[in-house]
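Please read the structure below before turning to the comments.
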Protein chains: 2
Amino acid sequence: MGVGVATLADVARRAGVSTATASRIINGSSKPVTDELRARVLAAVAELRYVPNAHAQMLARSNRNAVGVLVHDVSDPYFAEITRGLQRVATAHGRLVIICNTFREPARELEYIDLLHAHQVAAIVVAGSGYLSSDDETELHDRMTAFETTGGRIAVIGRHSHTSDAVLPANEEGGYLAGAHLFELGHTAVGVVAGPAALTTTADRLAGLHRAAEAHGRRLEVVHADFTRDGGEAATAKLLAEHPGLTAVAALNDSMAVGALAAMRSAGRNLSVVGFDDMPIARDVTPALTSVRLPLTQLGERAMELALTPPADSAPRVEHIPAELIRRESTWPLTRPS
Amino acid sequence: MGVGVATLADVARRAGVSTATASRIINGSSKPVTDELRARVLAAVAELRYVPNAHAQMLARSNRNAVGVLVHDVSDPYFAEITRGLQRVATAHGRLVIICNTFREPARELEYIDLLHAHQVAAIVVAGSGYLSSDDETELHDRMTAFETTGGRIAVIGRHSHTSDAVLPANEEGGYLAGAHLFELGHTAVGVVAGPAALTTTADRLAGLHRAAEAHGRRLEVVHADFTRDGGEAATAKLLAEHPGLTAVAALNDSMAVGALAAMRSAGRNLSVVGFDDMPIARDVTPALTSVRLPLTQLGERAMELALTPPADSAPRVEHIPAELIRRESTWPLTRPS
DNA sequence: CGGTAACAGGAAAGCGCTTACCTCAACGCT
DNA sequence: AGCGTTGAGGTAAGCGCTTTCCTGTTACCG
């Protein structure tokens, strides 16, 4: 057993057939072959522990069978959930999924787009908020179209695009739902624990919140921080200190909401809080979080479906995924003792 | 711009040079080239938006530059954390990471091992508990050695292996820590919310718990369920119903511990509970979970380090990663009103 | 029984790169 | 002047597969 990998030629030689025949048998081609030879080749494959070189295969038959996925961080429950949906349908289509974590660094996004392009993936799904405006964003757009002109398909999730298929969660509407809920409970002084200002997700959710505020003739106190638990804790602490009169806060995602709960606990305060995304953790904290649910898995599924389905015509397809308010125990009418 | 992808030959033609020269320039080979030609080639690359075909490259220069990772499910916080560590060091070594979710299905593990093998990855890291005994396990072992004889390297995390490098979390010791903690607090009737009995992780942690029980002359009531929050809730409900005298429970991971908290809440009971893994959620539930901490990220880092470092000699290397008990508010002395 | 169609299998041309080897010219040396 | 060097670039042989022809058999038909 030499150090070299066994090749098709080795198998063919051992079975006393041509590489053509060996290839046909191994791939279950439609060409008819005697059982005799089939057996010999299969035996050789087993004995040599032959595993075909995927790169050579890709090169020879120039079909693309993998799909790439760009997410900020699969470890983040938000993206984990989306990724689950992506994987499900990709696997159902027999595609291999290559996941790339960009950690919200535009440079990494560019790098990965090229890398996936180089690997001849059939499609790329870009999940996650884009930036409101930046050179990187247009550069990214460039690379994406370059990929598309080679026959690759692109679908984006929660990122505005005028050229690619997109599936958009109802961030603005969800923000409105959260705001309306709080105002209808009678709260008049509400704070917002927002994510990074440059992200479109933050902007969209905030817009919905502001629309609700205007509809009720109120205004919001907004503090920005990272979309993390600790970010939420810090932002809430700041809100509590600077605006003691607040009776409710809206967090732009559940991680931040959990942080908000922690901040309130340390401050000995007890405001209503509404989260966003309805992550699994929402029902396990105390009080259980009222939250705006986004069907994340479905978001992923739809996106992958778009990416894998050839477009009917050239116009980019857009799908909107609705949001829904899930009421739990973290919000209550203003009259209740705070 | 035809539908076909631009190739090196296209670039060379457009720049009026040979493909050899083009290749050298693009890859920054050491061979000297006039600035004139370099400029022409680079211009052609830009104009054609040329991106080299990774498969052709892999085939030509037969070096392996990617590494594969097999995990049960990246969405699971436990594996997400490990994966983070794996990625960090892989990226530091300039390797591309291919993540494969096996969803604890042995068949999928086999499939992915072959797939990674076919893709000529430099190494494979298998993360996650193996099965106490099964045909699949030996079959898996077979494929792994097949991969290794072709020059690939393998490292496993938390899975016993006599042939590959391994990094082992202190599951048994951690179990002992959890048990000892409870017994030292005076509890005498403790239940265990365990994961699937067939997993080595369950077996190891349970072994530690039993060792602690014996050391204190006690016995444990064990119920098995899935390693999930819902599994933990169900198992705890069962425990509560069948053994009303229990005053404490040890959950074999934090997800189950969270489920245990939920079950106790619905049952109106209030026992001490100790979790395992010290996931981020541990500090955000009420009461905050006492838990056995395993440095998961480090586990991943060490494993990738082993996988990427050629072994000094042929003997498999084994690293042990210690566990530590983190005390929070979910455990208390028996004397306190339950 | 000659002719043809269906069959089994092989030869070889790529797929898009990298790289060992070769060529050609200009240069410097004795 | 003759010759070995060196510099700059090209030629072409693969890397390991797939697949399109192409060849030699065998079976079947009138």
Side-chain angles (χ1 to χ4, degrees), chain A residues 2-42 44-45 48-65 114-115 117-121 150-151, chain B residues 2-42 44-45 48-65 114-115 117-121 150-151:
Chain A
V3 76
V5 188
T7 70
L8 219 216
D10 296 330
V11 172
R13 194 171 315 121
R14 199 173 214 291
V17 302
S18 71
T19 61
T21 307
S23 171
R24 291 192 188 108
I25 292 178
I26 293 173
N27 296 295
S29 136
S30 58
K31 260 239 170 179
V33 177
T34 24
D35 289 348
E36 154 75 23
L37 286 199
R38 179 183 315 285
R40 289 226 304 272
V41 169
L42 261 23
V45 166
L48 262 30
R49 299 199 161 292
Y50 168 71
V51 177
N53 182 318
H55 298 298
Q57 282 189 168
M58 296 265 64
L59 198 56
R61 45 161 106 128
S62 41
N63 68 342
R64 313 162 145 215
N65 80 148
D114 277 355
L115 186 144
H117 181 160
H119 278 261
Q120 310 293 104
V121 297
T150 71
Chain B
V3 75
V5 187
T7 69
L8 219 217
D10 296 331
V11 172
R13 196 172 314 123
R14 199 174 214 290
V17 302
S18 72
T19 59
T21 306
S23 171
R24 292 191 188 109
I25 293 178
I26 292 174
N27 296 295
S29 135
S30 57
K31 261 239 168 180
V33 177
T34 24
D35 290 347
E36 155 76 22
L37 286 199
R38 180 185 313 287
R40 289 225 304 273
V41 169
L42 262 22
V45 166
L48 262 29
R49 300 197 161 292
Y50 169 71
V51 176
N53 182 318
H55 299 298
Q57 283 190 165
M58 295 266 67
L59 199 56
R61 47 161 105 124
S62 41
N63 68 343
R64 313 165 144 209
N65 79 148
D114 278 355
L115 186 143
H117 181 161
H119 278 259
Q120 312 293 104
V121 297
T150 71

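The analysis underlying the following values was restricted to heavy atoms, covering all of them including side chains, and did not include hydrogens, waters or symmetry mates. Nothing here was measured: the structure is a model prediction, and the numbers come from that model. Every chain is numbered from 1, with letters handed out A, B, ... down the list of sequences.
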Quick one: is [N] close enough that its OP1 or OP2 comes under 4.0 Å of any side-chain N or O from [X]?
X: Asn53(A); N: dC15(D); value: no
X: Gln57(A); N: dG16(D); value: no
X: Ser18(A); N: dG10(C); value: yes
X: Thr34(B); N: dA8(D); value: no
X: Thr19(B); N: dT18(C); value: no

Within a strict 4.5 Å, meaning less than it, do heavy atoms of the [X] and [Y] side chains meet?
X: Ile25(A); Y: Val45(A); value: no
X: Val17(A); Y: Val41(A); value: yes
X: Gln120(A); Y: Thr150(A); value: no
X: Met58(A); Y: Asn63(A); value: yes

Assign each of Arg61(B) and Val33(B) to its nearest nucleotide of DNA chain D by heavy atoms, then name whichever residue's nucleotide is nearer the 5' end.
Val33(B)
Between Ala20(B) and Ser62(B), the residue closer to the 5' end of DNA chain D by nearest nucleotide is Ala20(B)
In whole angstrom, what separates [X]'s [atom1] from [N]'s [atom2]?
X: Met58(A); N: dC17(D); atom1: CE; atom2: P; value: 13 Å
X: Leu8(B); N: dT11(D); atom1: CG; atom2: P; value: 15 Å
X: Asp35(A); N: dC7(C); atom1: CG; atom2: C1'; value: 14 Å
X: Ile26(A); N: dT19(D); atom1: CD1; atom2: P; value: 13 Å
X: Arg38(A); N: dA8(C); atom1: CZ; atom2: P; value: 10 Å
X: His119(B); N: dC17(D); atom1: NE2; atom2: C1'; value: 14 Å
X: His55(A); N: dC17(D); atom1: NE2; atom2: P; value: 12 Å
X: Arg40(A); N: dG10(C); atom1: CZ; atom2: P; value: 9 Å

Taking atom types as they are modelled, is there a donor-acceptor pair under 3.5 Å from the base of dG10(C) to the side chain of Arg24(A)?
yes
What nucleotide, of [options], holds the atom closest to the side chain of [X]?
X: Leu59(B); options: dG10(D), dT18(D), dG16(C); answer: dG16(C)
X: Ala60(A); options: dG16(C), dG9(D), dG14(C); answer: dG14(C)
X: Lys31(B); options: dG9(D), dC17(C), dC15(D); answer: dG9(D)

Can you list every salt bridge (charged side-chain N to carboxylate O under 4.0 Å, His left out) pair that touches residues 15-39 of chain A, not counting sequence neighbours?
Glu36(A)-Arg40(A)
